[in-house]
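Here the structure is laid out as structure tokens; the discussion comes afterwards.
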Amino acid sequence: MINKDDFMDYVGYRNTVVEEKIEECLSEIRSGKTEISVDRGDLTDSELEYLYQELDKRLK
């Protein structure tokens with residue numbers, strides 16, 4: 001059974017993974033690349049959707 005602290009650590013880790021991918025994409029865009037690809041790795045569909053939403057929001 002997973003306790004609350006383990007679950008929160010996992011959620012924090014996942015958020016960190018997604019945030020790192022967002023920063024990688026933003027860095028590529030800022031360097032002038034017009035096309036980027038996201039190495040999805042083990043991101044879930046909802047994490048990938050969040051990543052795209054955040055990119056859109058941060059680029060506006």
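For this chain, numbers begin at 1 and follow the sequence in order.
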So, applying side-chain contact (heavy atoms from CB on, under 4.5 Å) with Asp56, which one of Glu54, Lys60, Arg58, Gln53 is it? Lys60
Quick check: does any side chain N or O of Lys21 sit under 3.5 Å from a backbone N or O of Asp39, one acting as donor and the other as acceptor? yes
For Asp6 and Asn3 the tightest heavy-atom approach is N-OD1, 2.8 Å
Following the transitive rule for hydrophobic clusters with a side-chain heavy-atom cut-off under 4.5 Å over Ile, Leu, Val, Met, Phe, Trp and Tyr, establish whether [X] and [Y] coincide in one cluster.
| X | Y | value |
| --- | --- | --- |
| Met8 | Val18 | no |
| Leu43 | Tyr13 | yes |
| Tyr50 | Ile36 | yes |

What distance separates [X] [atom1] from [Y] [atom2], expressed to the nearest 0.5 Å?
| X | Y | atom1 | atom2 | value |
| --- | --- | --- | --- | --- |
| Ile22 | Ser27 | CD1 | OG | 13.5 Å |
| Arg30 | Glu28 | CZ | CD | 12.0 Å |
| Glu23 | Leu55 | CD | CG | 9.0 Å |

Sequence neighbours excluded, which residues qualify as side-chain hydrogen bond (donor to acceptor under 3.5 Å, both in side chains) partners of Glu24? none
Just to verify, what does Glu47 make a salt bridge (Lys or Arg N to Asp or Glu O under 4.0 Å) with, not counting sequence neighbours? Arg14
